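From a predicted model like this one, the values you see are computed outputs, not experimental measurements. Order of the sequence lines fixes the chain letters, A, B, ..., with proteins taken first and strands second; residue numbering starts at 1 for each chain.
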Amino acid sequence: MASNEFQPLQGMSDINAPEIYIWRMIEEKARTIFNSYGYEELRTPVLEKLSVFKRSIGDTTDVVKKEMYAFKPGKHDIAMRPEGTAGTIRHLAGRGEEGLNARVFYIASMFRYERPQAGRKRQFHQIGVEATGEANPLADAECIALQQHLLEEWGLHGSKIQISTRGMPSDRKPVADGLRAALQPHLAELCDDCQRRIDENVLRVIDCKNESCQKIVDQIPTAIEFMSEGSRTYLDQVIQALEIMDIEVEVNPKLVRGLDYYVHTVWEITHGALGAQNAIAGGGRYEIALGKKAVPGVGFAMGMERVITSLEACGITADQFAPKGGVWLVSLGEAALAENMKLARKLRAKGVRCGMELEVKSMKAQMRKANRSGAEKAIIRGEDELAAGTVVVKDMNEGSQEELSLEDVIRDA
RNA sequence: GUGAUUGUAGCUCAGUUGGUUAGAGCGCCUGAUUGUGGUUCAGGAGGCCGCGGGUUCAAAUCCCGUCUUUCACCCCA
C-alpha cells in the first residue's frame, strides 16, 4: 500500500486498467441502447447553484442537509451535484417547450460527503435518464423496461425490481396521518429510532430494518391504502403496462424513496451481491418546480460501482473486455528499430493495434512483451529481413512463422 | 456524525512473549552457446513496516494522535 501522499481522498478512487475496461463496456452498451430508445446525451456542469438542489431534492433531506460538498468561492452558494436529476431538469427547464418533452441521459460523477462503506463512495458514478412530459403511466413502464434492457445487455442476472407509488402531493398528508394513527396503538413496541421517526418522517418507520417494527408495520394498512383513487389507478396502469411487456416486478408498498421530488411511481432494483446498500438503481416519476415552471418527468439512476460489483458476482469481470489482438513489432538492431517505427505508423494508420519496444533489447525480452500484450502476431525484423525487404510473421497462438514481403504484410493488415 | 476494523515489496499476505542484516508466493528484470514468447530452472532488483509523537538499552511489534481501508448505523445509487 502506498503512503497517503499518493492516495486519493477518502471515499474516492482512481479507476485504471484493467478495471477501466468493464466501465467502458458498460458505458458503450448503455449509449447504444439509449440511442435506440431516442435518448440524447447531456453533460451538465458538476457545480450548480446550491438552490438548484435545495428546491428539487428538498432542503430537509439528508442528501442536501448533510451530504453535499457545498461552498461559496464568490458571491453565490454552490455545490457539487449529489445526483443527476436536479441539474438535468434545470437545463431542460431552460429550453422552453422543447425541454418539456425531451429524453436525455447522462453518465457522470456524483459527490456526497458520507462515510464510505460497501457500495458507497464520496465520488461515485451514475448512469441515468430523464424523460420529461405529461405524466403518463406508459412512460414510467417504458423507463423500467429500458432499465431492465440495460441490465440484460450487460449480462447482469439475479436482480429484482420493486415498485411502489409515492402518490400525488395531495396524498402526502392523508398518508402520513393515516400511518401515524395506525401506528399509535403500537407506539411503545417500536424501536427508539422509530419513536422519533413517527413524527419526523413516518415513512421511514415503514422500511425500518428492525424485526419487531416490521411485525407492527405488517399489521397496519400500507401507505398506498391511504392514497386517493387516482394515485392507486395510476400505479395499476403502470403495473398493467409492465405485464404487457412481460417484465417481472414485485409490488412493494413498503418501498420508500426519500427525495422530495417524487410523485406517483417509484422503484428500486436490488441485487444480492451487494451489502447493506443493496440497490443498484432507483427511479421514479417526479415533478420539479423551477421558477414558475413545474417540470414533470420520469427517470432513473444506476450506480455504476454497484452495477460492477453485481456483474462481478455474475462472473463478468474487467479482463474479459481488455483490448487484445493486433501485432507486436520485434526489432533486432538499431536499423530495424527505425524501420519498425515507420511500419508501426502505417499499421496504426490502418487501425491495427500495434506495439513495439522503443529501445534495442534482446529478442527474448521483446517476445515476452509480445506475448503479454495479447498480440495475435509478432512481426520480426533484423538485418537479413531489412536487406531482403521481408518480415517474419509469427502466429503467437500456433507458434508457426513464415517470411513474407513487407508490402504484402502492410496491404493485408 | 456514531460504533467497529485495517495499514509490512507492484499485488496477496507471513512476521512468535518488544531483541541483531524484515520474509514468502505471484509479478518484474537478467540468464540457461549466435535471432524466438507462453512451461521449467538459476540468479537479481525492489520496503521512511501509512504518517507524527511517546515509552524503552532496544519498536513493524507497546501507548497516544492523525490519515487511510473495510464494515454497520443514519441516509442513499
Could you give the NZ-to-P distance, from A:K209 to B:C75, as a whole number of Å?
-> 9 Å
Look at all strands and tell whether A:M302 reaches a base, only sugar-phosphate, or nothing, counting heavy atoms closer than 4.0 Å.
-> nothing
Side chains of A:E312 and A:T309: is there a donor and an acceptor less than 3.5 Å apart?
-> no
Whole angstrom is fine here: how far is it from CD in A:Q123 over to C1' in B:U68?
-> 17 Å
Using atom CG of A:N278 as one end and atom C1' of B:A72 as the other, report the distance to the nearest whole Å.
-> 14 Å
A:R115 side-chain N/O to B:C71 phosphate OP1/OP2 under 4.0 Å = no
Quick one: A:F300 CZ to B:A77 P, roughly how many Å, whole number?
-> 13 Å
Short N/O separations, protein against nucleotides 26-29 of chain B, under 3.5 angstrom:
unit_1 : atom_1 : unit_2 : atom_2 : d
B:C28  : OP1    : A:R372 : NE     : 3.0
B:C29  : OP1    : A:R372 : NH2    : 3.4
B:C29  : OP2    : A:R372 : NH2    : 3.2

Distance, C1' atom - from B:G19 to B:A59, rounded to whole angstrom | 10 Å
The residue, A:D193 or A:Y262, whose nearest nucleotide of RNA chain B is more 5′ is A:D193
Please test A:Y261 against A:Y286 for ring pair (Phe, Tyr, Trp, His ring centres under 6.0 Å), starting from the C-alpha separation and ending with a verdict.
-> CA-CA 5 Å; A:Y261 51 56; A:Y286 51 81; 5.7 Å; yes
Quick one: OG1 on A:T390 to CD on A:E403, what's the gap to the nearest 0.5 Å?
-> 3.5 Å
A:N371 (side chain) and B:G37 (base): donor-acceptor pair under 3.5 Å = yes
Quick one: do the A:E130 and A:T85 side chains pair a donor with an acceptor below 3.5 Å?
-> yes
In sequence, state the C-alpha distance, the side-chain angles, and the governing distance for A:T60 and A:N201, and then conclude on side chain to side chain contact (heavy atoms under 4.5 Å, CB included).
-> CA-CA 11 Å; A:T60 59; A:N201 191 349; over 6 Å; no
Pairing partner of B:A72 (Watson-Crick or G-U wobble, both distances under 3.5 Å) = B:U2
Would you indicate what A:G283 reaches in the nucleic acid, counting non-hydrogen atoms under 4.0 angstrom: base, sugar-phosphate, or nothing?
-> nothing
For B:A24, the Watson-Crick or wobble counterpart (both distances under 3.5 Å) | B:U12
Would you indicate what A:Q277 reaches in the nucleic acid, counting non-hydrogen atoms under 4.0 angstrom: base, sugar-phosphate, or nothing?
-> base
Mate of B:C62 where both pairing distances stay under 3.5 Å, Watson-Crick or G-U | B:G54
Give the rounded distance in Å between these two atoms: CD1 of A:I280 and P of B:A77.
-> 13 Å
Going by distance alone, is a donor N or O of one side chain under 3.5 Å from an acceptor N or O of the other, for A:Q214 and A:K254?
-> yes
Any side-chain donor paired with an acceptor under 3.5 Å for A:E83 and A:Q126?
-> no
Given A:R81, A:R90, A:K54, A:R55, the one that forms salt bridge (charged side-chain N to carboxylate O under 4.0 Å, His left out) with A:E48 | A:R90
Counting only distance, no hydrogens or angles, is the base of B:C75 paired donor-acceptor with the side chain of A:R120 under 3.5 Å?
-> yes
Counting any heavy atom closer than 4.0 Å, what does A:E114 reach on the DNA or RNA strands: base, sugar-phosphate only, or nothing?
-> base
Say you draw a straight line from CG of A:D260 to CD1 of A:I57; how long is it, rounded to the nearest 0.5 Å?
-> 9.5 Å
Under 30°, 30 to 60°, or over 60°: which ring-plane class applies to A:F300 and A:F34, parallel, tilted or perpendicular?
-> tilted
Across the strands shown, which category fits A:K377 at heavy-atom distances under 4.0 angstrom: base, sugar-phosphate, nothing?
-> nothing
Expressed in angstrom and rounded to an integer, what is the separation of A:M12 atom CE from B:A77 atom P?
-> 18 Å
Nucleotide B:U68, atom C1' - distance to CD of A:Q117 in whole Å | 17 Å
Tell me what A:G399 touches on the nucleic acid: a base, only sugar-phosphate, or nothing, going by heavy atoms under 4.0 Å.
-> base
Between P of B:A77 and CD of A:Q162, the distance in whole Å = 14 Å
Any side-chain N or O of A:Q7 less than 4.0 Å from the OP1 or OP2 oxygen of B:C67?
-> no
Span that lies between the P atom of B:U36 and that of B:A45, in whole angstrom | 27 Å
Pi-cation contact, A:Y106 with A:R43 (under 6.0 Å, within 45°) | no
Contact class for A:A370 vs. all strands (heavy atom < 4.0 Å): base, sugar-phosphate, or nothing?
-> nothing
Kindly give the atom pairs (protein nitrogen or oxygen, nucleotide nitrogen or oxygen) under 3.5 Å for nucleotides 34-36 of chain B.
unit_1 : atom_1 : unit_2 : atom_2 : d
B:G35  : O6     : A:D384 : OD2    : 2.9
B:G35  : N1     : A:E385 : OE1    : 3.1
B:G35  : N1     : A:E385 : OE2    : 3.0
B:G35  : N2     : A:E385 : OE2    : 3.1
B:U36  : O2     : A:K394 : NZ     : 2.9
B:U36  : O2     : A:Q401 : OE1    : 3.4
B:U36  : N3     : A:Q401 : OE1    : 2.9
B:U36  : N3     : A:Q401 : NE2    : 3.3
B:U36  : O4     : A:Q401 : NE2    : 2.7

